[in-house]
There are 2 protein chains.
Amino acid sequence: MQKEIALQDLSQDKEFERYESQFKALADKKRLHIMNILTQRGKTCVCDLAPLMGMTQSKLSYHLKILWDAGIIHKETKGTNSYYSINMKEINHLLSHELCCIFKPSC
Amino acid sequence: MQKEIALQDLSQDKEFERYESQFKALADKKRLHIMNILTQRGKTCVCDLAPLMGMTQSKLSYHLKILWDAGIIHKETKGTNSYYSINMKEINHLLSHELCCIFKPSC
DNA sequence: CCTATTAATCAAATTTTCTTGATTAATTAA
DNA sequence: TTAATTAATCAAGAAAATTTGATTAATAGG
């Protein structure tokens, strides 16, 4: 049954890859700070986020893309503005209740 | 009250730094695989882990150190052997119940 | 149409992380 | 004591992630 084992390994590998990208997204102080601000403020425009983070637009876009690619934030464009917000479903799926609190306005 | 704000920012910064190092530790497919094996087998010796992971001793030590420095695995030395195991307390503190399952033998 | 605004993308430089092979340190057994 | 075993550490090179400044693309307003 070598094939089945191989298939299982493959799907486990895919699973690990997904978590790898999500943990990578969270594995940065600046991005955790972004997540925290998005939690406190809710849906927020890049142009508002940049001064709050003390970051250039280019750098901020880079980090937002990493969070968005990992599926842990939402993105919405209106006119020339982009608004980002927490994907609470993914965060709840990923993190402990205790840790989710860091990303919840109520805590 | 600028001082208090500064102090809070500082402690939040420290908090983010701690999570950064824990997420960094998990943000790697190989290390997730190590965690998975430690879960299935419980306390495991480096010399047993190396062939299971298909890794050289040096490389494995490097990755184990990252997990251990982040506090998500335990280490115990007996004679010339080192045994590693999951720090379930930290994992439960960090990850969702659903995700912890990946690191639980019962699931 | 022209200009201004906003944000994504690109390329080059820098920094960080990972890999490799060798060395070192500690312990055990002969 | 000597040799063998196990694992940590080191230094150099390779690979990946991040930063920076410039460019591009899309939209809005005059």
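Atom set for the values below is all heavy atoms of this structure, side chains included, hydrogens, waters and symmetry mates excluded. On a predicted model such as this, the values are computed, not experimentally measured, just so you know. So you know, we letter chains A, B, ... as the sequences are listed, proteins then strands, and number each from 1.
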Can you see whether B:E15 engages B:S11 through a side-chain donor-acceptor pair at a distance of less than 3.5 angstrom? no
Taken to the nearest whole Å, CZ/A:F23 to P/D:dA16 is 21 Å
Taking any heavy-atom pair under 4.0 Å as a contact, classify B:Y84: base, sugar-phosphate, or nothing. sugar-phosphate
At 4.0 Å (heavy atoms only), tell me whether B:L49 reaches a base, stays on the sugar-phosphate, or touches nothing. nothing
Does A:H63 make a side-chain N or O approach to OP1 or OP2 of D:dT19 shorter than 4.0 Å? yes
Within the 4.0 Å heavy-atom criterion, would you say B:K78 contacts the bases, only the backbone, or no part of the nucleic acid? nothing
CD of A:Q57 versus C1' of D:dT19: gap in Å, rounded? 13 Å
Whether A:H33 and B:F16 hold their rings parallel, tilted or perpendicular, with breakpoints at 30° and 60°: tilted
From CA spacing to verdict: salt bridge (Lys or Arg N to Asp or Glu O under 4.0 Å), B:E90, B:R18: CA-CA 12 Å; B:E90 275 301 308; B:R18 166 133 182 92; 3.1 Å; yes
Do the side chains of A:M55 and A:I66 join up, straight or via other hydrophobic residues, at under 4.5 Å, putting them in one cluster? no
Distance test, side-chain N/O of A:K59 to OP1/OP2 of D:dT18, below 4.0 Å: no
Would you mind telling me which residue lines up with the more 5' stretch of DNA chain D, A:T80 or A:Y62, judged by nearest nucleotide? A:Y62
Less than 4.0 angstrom from a charged side-chain N to a carboxylate O is my criterion; do A:E17 and B:K29 meet it? yes
What's A:L60 touching, base or sugar-phosphate or nothing? Going by heavy atoms closer than 4.0 Å. nothing
If you look at every strand shown and take non-hydrogen atoms under 4.0 Å, does A:S82 touch a base, only sugar-phosphate, or nothing? sugar-phosphate
Taking NZ from A:K24 and P from D:dA15, how many angstroms apart are they, rounded to a whole number? 15 Å
For residues 67-86 of chain B, which side-chain donor-acceptor pairs fall under 3.5 Å, sequence neighbours excluded?
residue, atom, partner, partner atom, Å
B:D69, OD2, B:K65, NZ, 3.1
B:E76, OE1, B:K43, NZ, 2.9

For a 4.0 angstrom threshold against heavy atoms of chain A, report the outermost contacting nucleotides of DNA chain C in 5' to 3' order. C:dT5 to C:dT9
If we ignore angles and hydrogens, is there a donor and acceptor under 3.5 Å between the side chains of B:Q12 and A:N36? yes
